[in-house]
Amino acid sequence: MKQLFDRLSSDFEILSPATINAIEKAELHFAFKFPTDYKDFLLFSNGLEGNTGDSYIVIWSIEELIELNEAYKVKDFISNLIIFGSDGAEDAYGFDISGVNCKIVRLPFIGMGHFPSELIGDSFYDFLSAKIKKDKSIFKRLFG
């Protein structure tokens with residue numbers, strides 16, 4: 001994971017790391033322990049935004065996570081979801097916390113709760129890898 005983060009810094013603007021205190025505050029707010037790979041990401045860069053080739057990715061800071069989940073009224077529409085980012089347009093990315101193992105899903109902002117979410121990864125690492133893999137040149141630099 002560290003190698004992935006190090007190489008991400010060459011393709012994206014890396015922000016100051018989140019604090020453990022801020023992560024724990026968010027975990028208390030959501031009554032959910034975030035996956036280790038997601039916390040590792042936040043301790044590397046408190047959010048991320050940029051092009052991945054043919055798409056765009058926005059991963060919210062830990063502070064935005066609370067603020068934007070409340071603003072989008074996520075719990076009013078889907079009680080077992082915590083949104084952590086988007087494609088910069090109409091789709092949200094989130095943690096499906098309904099099962100024993102947290103999954104990463106994509107769903108539309110408009111119609112949230114009325115349209116099914118799409119599984120896009122079994123872990124935050126899988127999610128990042130899949131998003132970056134869309135641009136083969138970035139994928140080759142990261143994993144080549």
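In what follows, every heavy atom counts, from backbone to side chain, and hydrogens, waters and symmetry copies are set aside.
Taking the centre of each ring, Y38 and F95 come in below the 6.0 Å mark.
In this structure a side-chain-to-backbone donor-acceptor pair under 3.5 Å is present from E64 to S61. Between the side chain of S45 and the backbone N or O of L48 there is no donor-acceptor pair closer than 3.5 Å. Under a 3.5 Å cut-off, the side chain of D91 and the backbone N or O of S86 do not form any donor-acceptor pair. Panel note: side chain K75, backbone L81; a donor-acceptor pair is recorded below 3.5 Å.
Contact record, L65 with I83: CD1-O, 3.0 Å, taken as the closest heavy-atom pair. The minimum heavy-atom distance linking I62 with A18 is given by the pair CG2-CB, 4.0 Å. Here the closest non-hydrogen pair linking L43 and P17 is O-CB, 3.0 Å. Nearest heavy atoms, L119 versus I104: CD1-O, 3.5 Å. D126 approaches D122 most closely through the heavy-atom pair OD2-N, 3.5 Å.
Expressed to the nearest 0.5 Å, how far CG of D37 lies from CZ of F41 amounts to 11.0 Å. Remark: N46 CG to T19 OG1 distance equals 8.0 Å, nearest 0.5 Å. Atoms NE2 and CD, from H29 and E67 in turn, are 11.0 Å apart once rounded to the nearest 0.5 Å. Here the straight-line distance linking atom CG of L107 with atom OG of S117 works out to 6.0 Å at 0.5 Å rounding. Taking SG from C102 and CD1 from I97, the interatomic distance works out to 7.5 Å, rounded to the nearest 0.5 Å. D96 contributes atom CG, which lies 11.5 Å from atom CD1 of I120 (distance to the nearest 0.5 angstrom).
Cluster annotation: I59 is connected to F32 through the hydrophobic network of ILVMFWY side chains, with a link wherever side-chain heavy atoms come within less than 4.5 Å. Under the 4.5 Å side-chain heavy-atom criterion for Ile, Leu, Val, Met, Phe, Trp and Tyr, F77 and Y72 are members of the same hydrophobic cluster. When hydrophobic clusters are built by joining Ile, Leu, Val, Met, Phe, Trp and Tyr residues whose side-chain heavy atoms come closer than 4.5 Å, directly or via intermediates, L42 is grouped together with I20. Y56 and L15 are members of different hydrophobic clusters when ILVMFWY side chains are connected at heavy-atom separations under 4.5 Å.
Just one of F34, W60, F124 meets the ring-ring contact (aromatic ring centres under 6.0 Å, His included) condition when paired with F84; it is F124.
Other residues, nucleotides and ligands place more than 12 heavy atoms under 6.0 Å from the CD atom of E118.
Between D40 and Y125, every side-chain heavy-atom pair lies at or beyond the 4.5 Å cut-off.
Ion pair E27/K39 flagged as a salt bridge, since at least one NZ, NE, NH1 or NH2 atom sits closer than 4.0 Å to an Asp/Glu carboxylate oxygen.
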message: Under the criterion side chain to side chain contact (heavy atoms under 4.5 Å, CB included), I'd like the reasoning laid out for V58 against Y93: C-alpha separation, chi angles, the key distance, then a yes or no.
response: CA-CA 9 Å; V58 180; Y93 302 120; over 6 Å; no
